[in-house]
Amino acid sequence: MTSPLADSFAKALERKPPERGQPVRSANVEYTYREPHSAWGRNGYSMVSNDFLADVLAVLIARYGMSPVQSAVLLFCMGRQVEGRLRITHIKVARHLGVERANVTRALGSLENWHMIQRRANSLIVVNPLICFKGNGDLQRDALEQLRQDARAALRKHYPEMREDVVALEQAASESFPEFARPAVPEPRTRQLAFGDKDDVEEQAC
């Protein structure tokens, strides 16, 4: 099966050169294919926001705004999502990470408050497509629009007064998932944490 571009080139080569002017001596079409990405594991790769990694995630981890479990749960969800979604239970995430299920549940709650993920029914987790997405730009656009429609529908359902107030509805929808704003970053700690530090308590961090 050939592509439309290849067909157009083939048709152009079949045409006779113009009668006037210098005749075409030869013509060639050469196809050069890009080298595919090489990524570890069977899940390939996702597009991830560089600004999110450098300006949000790295800073939150360094200043301990995110606990180790929160960071691990977010990275797990980012690595397992397809078109922004993954279906998995809290207990399966906990087993994979080797932590308590209760810590995973608290971590997911914090990430949801930060608009990084959203929990849905039937063990569905939605990763904010603005920070990480596995799929092309068209699929990302469609996923974002669907999430925004979901937000509008939820607002209309729970706040009937917004049904007629289009301006207020759009304002509220723009401030809900999947819009993203960097969460507040705590002040730098006075000393570094080491593995096994007694102050590094997940119950407090979550």
Decide yes or no on side-chain contact (heavy atoms from CB on, under 4.5 Å) for R148 and E179, but give the supporting numbers first. CA-CA 9 Å; R148 287 164 181 157; E179 301 302 328; 3.1 Å; yes
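- Y45 and M78 fall into different hydrophobic clusters, where Ile, Leu, Val, Met, Phe, Trp and Tyr side chains are chained together by heavy-atom contacts under 4.5 Å.
- Classified by interplanar angle (parallel below 30°, tilted 30° to 60°, perpendicular above 60°), the ring pair H115/F177 is perpendicular.
- Considering all non-hydrogen atoms of both residues, A107 and V73 come closest at CB-CG2, 4.0 Å.
- Q149 CD: more than 12 foreign heavy atoms inside a 6.0 Å radius.
- For the residue pair Q146 and D150, a side-chain donor N or O sits within less than 3.5 Å of a side-chain acceptor on the partner.
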- Item | Residues I131, M116; criterion side-chain contact (heavy atoms from CB on, under 4.5 Å); working and verdict | CA-CA 8 Å; I131 64 175; M116 295 179 183; 4.1 Å; yes
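- Sorted by first then second residue, the side-chain hydrogen bond (donor to acceptor under 3.5 Å, both in side chains) pairs that include residues 46-59, not counting sequence neighbours, are S46-Q81.
- Residues E83 and Q140 have side chains not in contact (no heavy-atom distance under 4.5 Å, counting atoms from C-beta outward).
- Residues L57 and V48 fall within the same hydrophobic cluster, defined by Ile, Leu, Val, Met, Phe, Trp and Tyr side chains chained together at heavy-atom separations under 4.5 Å.
- The two atoms that bring V56 and P183 nearest to each other are CG1-CD, 4.1 Å, heavy atoms only.
- The CG atom of L124 lies 9.0 Å from the CD atom of Q118; values are rounded to the nearest 0.5 Å.
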Run the side-chain contact (heavy atoms from CB on, under 4.5 Å) test on L74 and M66 for me, step by step, so that the C-alpha distance in whole Å, both residues' side-chain angles and the decisive distance to 0.1 Å come before the verdict. CA-CA 10 Å; L74 175 62; M66 294 183 76; 4.0 Å; yes
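- Salt-bridge check for R63 with E187: failed, with every basic side-chain N at 4.0 Å or more from each acidic carboxylate O.
- With a 4.5 Å cut-off on side-chain heavy atoms, I125 and R87 do not count as touching.
- Scanning all heavy atoms of the two residues, the minimum distance from S110 to Q70 falls at OG-NE2, 3.1 Å.
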- request: Please assess R119 against E112 for the test side-chain contact (heavy atoms from CB on, under 4.5 Å), listing each intermediate value before the final yes or no.
  value: CA-CA 7 Å; R119 291 174 290 183; E112 190 166 28; 2.8 Å; yes
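- The two residues P178 and L130 have their closest heavy-atom pair at O-CD1, 3.1 Å.
- In the hydrophobic clustering of this structure, L111 groups with L53; members are Ile, Leu, Val, Met, Phe, Trp, Tyr whose side-chain heavy atoms approach within less than 4.5 Å, directly or through other members.
- Hydrophobic cluster membership differs between V69 and I91, with clusters built from Ile, Leu, Val, Met, Phe, Trp and Tyr side chains linked at under 4.5 angstrom.
- At least one donor-acceptor pair closer than 3.5 Å links the side chain of N136 to the backbone N or O of D138.
- Here the side chains of V127 and R85 are not in contact, with every heavy-atom distance at 4.5 Å or above.
- For R101 and T105, the side-chain atoms include at least one donor-acceptor pair closer than 3.5 Å.
- Here the closest heavy-atom approach between residue L108 and residue I117 is recorded as O-CD1, 3.6 Å.
- By the criterion of side-chain heavy atoms lying less than 4.5 angstrom apart, applied directly or through intervening Ile, Leu, Val, Met, Phe, Trp or Tyr residues, F180 is grouped together with V185 in one hydrophobic cluster.
- Using a 4.5 Å heavy-atom cutoff, the side chains of K92 and T89 are in contact.
- Remark: R95 pairs with no residue by the side-chain hydrogen bond (donor to acceptor under 3.5 Å, both in side chains) rule, at least two apart or across chains.
- In terms of heavy-atom proximity, F133 sits nearest to A143 at CE1-CB, 3.8 Å.
- I88 has its side chain within reach of F76: a pair of non-hydrogen atoms, C-beta onward, lies under 4.5 Å apart.
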